[in-house]
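As a basis for the values below, the full set of heavy atoms in this structure was taken, side chains included, without hydrogen atoms, waters or symmetry mates.
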Amino acid sequence: MSSSSSHRRTSHTTQRRVAAVALVGVSALLAAAVQSGAASAAPQKSSLGKINRGSLAAPLTPSQRAELIRDADAAKAATAKDLGLGAKEKLVARDVIKDADGTVHTRYERTYAGLPVLGGDLVVDTTKAGKTERVIKATRATLKVASLTPAIAASKAEKQALSAAKADGSKKTDADRAPRKVIWAADGTPTLAYETVVGGFQDDGTPNQLHVITDAATGKKLYEYQGIETGIGNTQYSGQVTLTTTQSGSNYTLTDGARGGHKTYNLNRGTSGTGTLFSQTSDTWGNGTTSNAATAGADAHYGAAETWDFYKNTFGRSGIKNNGVGAYSRVHYGNAYVNAFWDDGCFCMTYGDGAGNADPLTAIDVAGHEMSHGVTSNTAGLNYTGESGGLNEATSDIFGTGVEFYANNASDPGDYLIGEKIDINGDGTPLRYMDKPSKDGGSADNWSSSVGGLDVHYSSGVANHFFYLLSEGSGAKVINGVSYNSPTADGLPVTGIGRDKALQIWYRALTTKFTSTTNYAAARTGTLAATGELYGTTSAEYTAVQNAWAAVKVGSRPGGGGGGTSFENTGDVSIPDNGPAVTSSIAVTGRTGNAPSNLLVDVNIVHTWRGDLVVDLLAPDGTVYPLKPFSSSDSADNVQETYTVNASSEVANGTWKLRVQDKAAQDTGYINSWKLTFP
């Protein structure tokens, strides 16, 4: 888990650790393993409808992917020139996705004067003919810094990083990686900075990998994020399954030669190193209880196999890095450790044994959730804090849910509940609910300007809710025996398009549209672009994506939504930098009586560092309805939001105004459009 630079880390597992003592023992699990063959649970049949298969990712062999990356590296100087990058900027090819129609999406990191640019990543799309089609950048700022010489010593940055880690509850804190000079570009103005990585352990025993960014001129902390991405604990079992193992002489090992050589190790209560590879003379693993260490090993091995097969058969992705190489799993981490985590540094998945070492956290959705952090790290690289952190965590919930449905395991039917078997609350309730995230007591159902300040496991609720609505639609229903009742922020219904389609849209957006700094507004843009490529911009799927985002207060419904009457002003109005307020007017006519209690105000403002802005709605009689406050910590770009205002005391007809003021210097923008909708 991680915290933003100004908010204390509040992991679900940490907050609810006391309740975890109520966990019951796992039911019997006999993992009968065979030397070859895929997991026994059959995948759910796909239902993608009339999809543009040319926009689906083409399966690449490891050698084909490596060749495309070599080609991108060979042409990177010419690409940088074509993109108009500065003389000190260079590109480094990091990942590539090739569509069936020949379109290539190449993801690059950037350097400036030889220094890594954090938040400088970009995606370049080229057609089959090699023509650049579009470029998606994590930052639109021009890369330029006044000096490359730090004004403060590296030791000061290190001291600050250690203090930040201790404030977050870190134990046995030390500088795992000494400060290195970087260009910090994720927050707007590029800045010469130090990046320090702090090791040790977090407050719940999870390894620490806190990245702290310090301004090299002033010593001010600019940002921090946690490199270890943790998740939920789960004690559910998978029943009798088939495993892929390897025989060597008279011994079998938990080595999956069919899935990139994935190995499963026993840490035997340790907290470092690889541990010991599970090995035995019998190819039947576990006895269904925690008295046999191989029971957890079999569960983890099965979860890894299902995750591999889900990505391979659903998206054509060969392993977490899409290079055909398997990660590895470690079980029996620490003593009574109630968590599980992905570490991109070791490229490995680690599971604790739960409260009292009685319930290993080795479940299908845990494996899918945690290993999906690895997929995110090796594609969009979403920063693990703020809104991008919420999207990162939601991506793991979304694909973890996809893995659970894909496995189609009778002992663990797919659902839209996260951690439903943990009983970490002591009352049988799940850890998170995708249909209505706020049911957990902390997650956000809908977007607001403050959602980026929440712990990533709570801010993830917005995307989780969107995904559920897009998949299944709003309202009450029963799926696989579980009852759901998903609300919408605007009170209007959403019709789902099915989980298979929703997964394809999210994966394409993650791998070809999202960057390290993507926020919720940009996620809407990215998923709409992905949907347009897969289904067309006039499709029912495209409309459903618009409606599902509007239902969680990100953007508006097409045509103002739900058969209401809309009035719109599409004229651009420049917003003076740190200057006086400006207004844009809409004349409402033909209405009778007062405005409604759910007047929808759709705002589209293009502006870097939107936290500088104060946005208000002015009624015809001058009454002010605040929409968005000033926030010094909200560094994301643009305001693309639908606000619901109780304007029932106002006469509907008359001139309504959107008032916007920029309250801080450096960042600029304009009102692109705004709309009033009377449902």
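- Taking the ring-ring contact (aromatic ring centres under 6.0 Å, His included) definition, one finds that F278 meets it with nothing, sequence neighbours left out.
- Sorted by first then second residue, the disulfide (SG to SG under 2.5 Å) pairs that include residues 297-332, not counting sequence neighbours, number zero.
- Look at K321 and D95 and you find no salt bridge, because none of the NZ, NE, NH1 or NH2 atoms lies under 4.0 Å from a carboxylate O.
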Practice problem: List the steps, then state whether side chain to side chain donor-acceptor pair (under 3.5 Å) holds for N383 with N392. | Solution: CA-CA 7 Å; N383 292 331; N392 187 319; over 6 Å; no
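- Checked against the 6.0 Å centroid threshold, Y351 and Y337 do not count as a close aromatic pair.
- Applying the disulfide (SG to SG under 2.5 Å) definition to pairs two or more places apart or across chains, none involves residues 249-312.
- If you run side chain to side chain contact (heavy atoms under 4.5 Å, CB included) between T350 and each of L267, L361, D343, only L267 comes through.
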Practice problem: Evaluate the side chain to side chain donor-acceptor pair (under 3.5 Å) criterion for residues E472 and Y416: first the C-alpha distance (whole Å), next the side-chain angles of each, then the deciding distance (0.1 Å), finally the verdict. | Solution: CA-CA 10 Å; E472 305 293 347; Y416 293 94; 2.5 Å; yes
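- For the side-chain hydrogen bond (donor to acceptor under 3.5 Å, both in side chains) test, no residue two or more places apart in sequence or in another chain qualifies with W308.
- Salt-bridge annotation for D99 and R508: present, with a side-chain N of the basic residue lying under 4.0 Å from a carboxylate O of the acidic one.
- Taking the six-membered ring for Trp, W506 and F514 have ring centres closer than 6.0 Å.
- Residues N485 and D435 have side chains that never bring a donor and an acceptor to within less than 3.5 angstrom of each other.
- For the residue pair L417 and D365, the shortest heavy atom distance occurs at O-OD2, 4.4 Å.
- A disulfide (SG to SG under 2.5 Å) check over residues 330-390, counting only residues at least two apart or in different chains, returns the pairs C346-C348.
- Within the 4.5 Å cutoff, the side chain of K312 has heavy atoms near those of the S318 side chain.
- Under the 6.0 Å cut-off for aromatic ring centres, F399 and Y406 do not qualify, their centroids lying 6.0 Å or more apart.
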Exercise. I would like to know whether S443 and R432 meet side chain to side chain donor-acceptor pair (under 3.5 Å); could you show each step before the answer?
Key: CA-CA 8 Å; S443 291; R432 291 195 286 279; 5.7 Å; no
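- With hydrogens and angles ignored, the 3.5 Å screen pairs a side-chain donor or acceptor of Q504 with a backbone N or O of T314.
- Relative orientation of the F315 and F310 rings is perpendicular, given thresholds of 30° and 60° on the angle between their planes.
- In the model, Y311 has a side-chain atom that pairs as donor or acceptor with a side-chain atom of S372 under 3.5 Å.
- Applying the salt bridge (charged side-chain N to carboxylate O under 4.0 Å, His left out) test to pairs two or more places apart or on separate chains, those with a residue in residues 265-276 are R269-D353.
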